[in-house]
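Just below is one structure, and these are the notes that go with it.
Scope of the values below: all heavy atoms of this structure, side chains included, with no hydrogens, waters or symmetry mates. Just follow the structure's listing: the first ligand is 1, and inside any ligand the first atom is 1.
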Amino acid sequence: MEDSRPNVARDDRAAIVRRAVAQSATELAQAEQPENVIPRILELIGTACKASRVQLFENEQARDGRITTTQRYEWDAPGIPPTSGFRPLVHLDASAEGLGPLFPRLSKGEACALIAHEAEEPLRRLLQSIGIKSVLMVPIFVAGKWWGIAGFDDCRDERTWSDLEVDTLEVLAALVGAAISRACDFNELANASRIIESSSTLLYRVGAAHPFPIIYASRNVSRYGYRVEDLLQSPTVYIELIHPDDVAAIIGDLGRIAGGSVNEAIRECRLRAADGRYNWFECRMSPVRDKDNRVSAIEGLAIDIDRRKAAESRMERFSLTDQLTGLPNRAAFLELLHNAFNAAKRGAIPFAIFYIDLDHFKDINDVLGHTKGDELLKQVAGRLRANRRTGDVIARFGGDEFAILQMDVADASDAGALATRVLRELSEPSYDIGSEIEITVSIGIAVFAHEIASPEEMLKQADVALYRAKDSGRNQYHFHSEALDISIIERVTLAGDLRHAIERDELELFYQPQVEIPSGRIVGLEALLRWHHPKRGLLLPNHFIPIAEKTGAIVPLGRWVIDTTCRQIGAWRQEGLQLPTVTLNVSAVQLKSLPEFDRDLADILRRWNIEPSAIELELTESVLMETTREHRDIMDRLRTLGVSIAIDDFGTGYSSLGYLRAYHVGHIKIAQEFIKNLEEDSGDIAIVRAAISLGRELGIRVIAEGVETANQLGLLAAAGCELVQGFYFSPPVPAAAMAQLLRQGRLHGGQPAPAADIDPPAAPSRKEVST
Ligand code: C2E
Ligand code: MG
Ligand code: MG
């Protein structure tokens, strides 16, 4: 039990204390009389938590109503003088001096930690007179009433106690209280008339033949909401009050006693109170014999052990530490997870759990041997611990599995940031195990959300996430949902970079021509944003626009796009180029930033001396719906400004024909997805035809997007489509390359992009023509 390491971290200390409490629990449970074991337990706990002294005080109410607390037990560490010479503490008049001020808190069940020199007089004098530098006082309750205090003195240090330690010592206090309560019950049995009213121990007698009708019950069954008269009137109904899982065992015991095969039975069982709640009882049964020594009845006690049970089951879940690393083990983690979950449900700041698994640990073990494998696990534990914020919990679940409970996760990206750090710190080389080794880990993360029903469900989510991290190639973290994954990974890494993209001049606009068929004339250009990311190469907008929209970065980004387009138009004009309309993509978030959007647009146009009709804004149907719902006047403002709009990705959202007529819509762009399968799917060509005739009716020009092949072009032409945009004629290209195309004036197409180039990856895309 004695811990000999010189610098025991607080956690290790808590773990040692937990073990001591677990051992105390066993000793208390086995002892008939707690006073026989309490001295030993104080020693155990005192040694484990390195206290100088542990004392138990019992409260007594004086005649004048004041509470006095009297020392009952004391243990002193070697070299610490006992207090017995110090009268003031032995009979402490709490209300007048000393501990009095702490009584309100203690009586409510709150543990109090004090540093002696910070305490108010006369408490300070009192503590210092017996050499106390700091003390932790934990109240003890017996049968629901405040019974006394356990005091843990430190005469050497002004120590602060961790929550974990305080929690553990509270468990000890609950166990002691339950043991005392039990002892009280036994003691009072001798004094039979008093117990009936005051104790929680029930007395009963039942008949000796099946179904064992009840003949007598003590009046204190009223504590559990029953009347003796009612029980006696339906003498077998009590059986229904026994928990269904316990009935068979109890009936079995009664049968054996009735049959004379045993002379006593002791069994723990649950009995239902009138409010429906089950309480744990220890039922003791023994035979009543007549003068011929035949069993005439069975009688016994039912002792309420509910508090002890609760404390025990808490202990069971709580008391274990991973032996190899000294970290809390799975059981301890689950206990803390339950607490965090309940707190978050009640409104505390959410938290996240991480499952961490070493990649290919088995190979390391096989190659280097288990001893080194264990050493590696210890060092991983050390690195994880070094990574920890106060309040966060690092645990080892066994094998190469670790877990983190990250507290105060206001935003899921906090968890992403920690995961990034863990990945980095664990993969740094220089593990000191005698062989050069580098490892990686995979991490699965689940973030608390109110919809999650239970902590177990969160664990499952983290497990699924870990699986996905492994499955996608290890050495990475995943959230439990793919949507979160994308948004977090992107947000964490890209959002930061994006903030500097403009000032570092990493953005560029590419332009893609819109072509009239069959003439091949360029009748429009679409400006498409590109980001030359310093590490990830050329990024396409689908990779970062959604993040920019989420973080609000889209507003300055969008302004940059408008500004750059207008400046480019000016520059091309200077070169003497004849320009068609240039279209710009606009997000809902930008439009919602009205009236700035409106004003910025007008300002920029004025600054570059560009007339509003030179540009067109591309809005998708959903952007249109979303913004007009909230800002009805947006389209009117744009119309007043003289800027026309194009409906982008037409057919993928909801369009109201009303919009098309009411707004200044210059173009409808049929979404790529309808063009893609034109060759196979006759349904799509019908949609194209419908869009074209709709456009014709309303006087709006229709552009087919994403045209890649001559075949598609042929089908579109046959359907009456006159404007197309797509790789068949040209991919989006930088401004200089666009200038060349504009000089050329007409395009004839025929260069479809390789299929592999269509998905935007991290590397610079080959589909872009560079100058
Ligand atoms: P979009 O407005 O529908 O733009 C057309 C997209 O289709 C462009 O992708 C273009 O490169 C691609 N494309 C053109 N022809 C073909 C083809 O023949 N086959 C295939 N498979 N694709 C073709 P990009 O440049 O990656 O842009 C994606 C989306 O990002 C755009 O879709 C637009 O919604 C958005 N976006 C681009 N630039 C901006 C911007 O400056 N601001 C905002 N808010 N969104 C932008
Ligand atoms: Mg577009
Ligand atoms: Mg589009």
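If you number the atoms of ligand 1 from 1 as listed, the ones under 4.0 Å from a heavy atom of Glu618 come out as 2 (O). Listed by atom number, the atoms of ligand 1 under 4.0 Å from Val561 heavy atoms are 41 (O). Each of the atoms 18 (O) of ligand 1 lies under 4.0 Å from some heavy atom of Val707. The atoms of ligand 1 that sit less than 4.0 Å from any heavy atom of Gln512 are 14 (C), 15 (N). Taking every non-hydrogen atom of Glu708 and a distance limit under 4.0 Å, the qualifying atoms of ligand 1 come out as 17 (C), 18 (O), 19 (N), 20 (C), 21 (N).
Counting heavy atoms under 4.0 Å from ligand 1, residue Asn585 touches it through both backbone and side chain. At a heavy-atom distance under 4.0 Å, no atom of Lys669 approaches ligand 1. Here Asp648 has side-chain heavy atoms under 4.0 Å from ligand 1, and that is the only part of it that gets that close. Contact annotation: for Asp649 versus ligand 1, heavy atoms closer than 4.0 Å belong to the side chain alone.
A donor-acceptor contact shorter than 3.5 Å is absent between the side chain of Arg504 and the backbone of Pro534. Gln476 places a side-chain N or O within 3.5 Å of a backbone atom of Ser472 that can act as its donor or acceptor partner. At least one donor-acceptor pair under 3.5 Å links the side chain of Asp392 to the backbone N or O of Met407. Side chain of Gln712 to main chain of Glu708: a donor-acceptor pair is present (N/O by atom type, distance under 3.5 Å, no hydrogens or angles). Without hydrogens or angle criteria, Asp414 side chain to Ala410 main chain gives a donor-acceptor distance under 3.5 Å. Side chain of Asp359 to main chain of Asn475: a donor-acceptor pair is present (N/O by atom type, distance under 3.5 Å, no hydrogens or angles). Looking at Glu680, its side chain never comes within 3.5 Å of a backbone N or O of Asn677 through a donor-acceptor pair.
For the residue pair Ser454 and Glu457, no side-chain donor N or O sits within less than 3.5 Å of a side-chain acceptor on the partner. Counted by atom type alone, Gln512 and Gln725 present one or more donor-acceptor pairs between their side chains at under 3.5 Å.
Looking at ligand 1, you won't find any N or O of Glu549 less than 3.5 Å from one of its N or O atoms. Ligand 1 has no N or O atom lying under 3.5 Å from any N or O atom of Ile545, backbone or side chain. For ligand 1, the polar-atom distance check finds no N/O of Gln725 at less than 3.5 Å from any of the ligand's N/O atoms.
Within Glu618, OE1 is the N, O or S atom that lies nearest to the Mg ion (ligand 2). In terms of distance to the Mg ion (ligand 2), the nearest N, O or S atom of Glu526 is named OE2.
Within 6.0 Å of atom CD in Glu575, more than 12 heavy atoms from other residues, nucleotides or ligands are found, so the atom counts as buried in its surroundings.
Annotation: side chain to side chain donor-acceptor pair (under 3.5 Å) contacts of Trp608 (sequence neighbours excluded): Asp563.
Compare Gly726, Ser587, Pro732 by their heavy atoms: the one nearest to atom 11 (O) of ligand 1 is in Pro732. Taking all heavy atoms of Val623, Asn542, Thr709 into account, the minimum distance to atom 28 (C) of ligand 1 is reached by Asn542. The nearest non-hydrogen atom to atom 38 (N) of ligand 1, considering only Leu557, Leu529, Leu509, comes from Leu529. Around atom 27 (O) of ligand 1, the closest heavy atom drawn from Ala704, Pro541, Ala646 belongs to Pro541.
Rounding to 10 degrees gives 90° for the angle at the Mg ion (ligand 2) between OD2 of Asp648 and OD1 of Asn585.
Taking the six-membered ring for Trp and thresholds of 30 and 60 degrees, Phe510 and His532 have ring planes inclined between 30 and 60 degrees apart.
Heavy-atom distances between Glu526 and ligand 1 reach below 4.0 Å in at least one pair.
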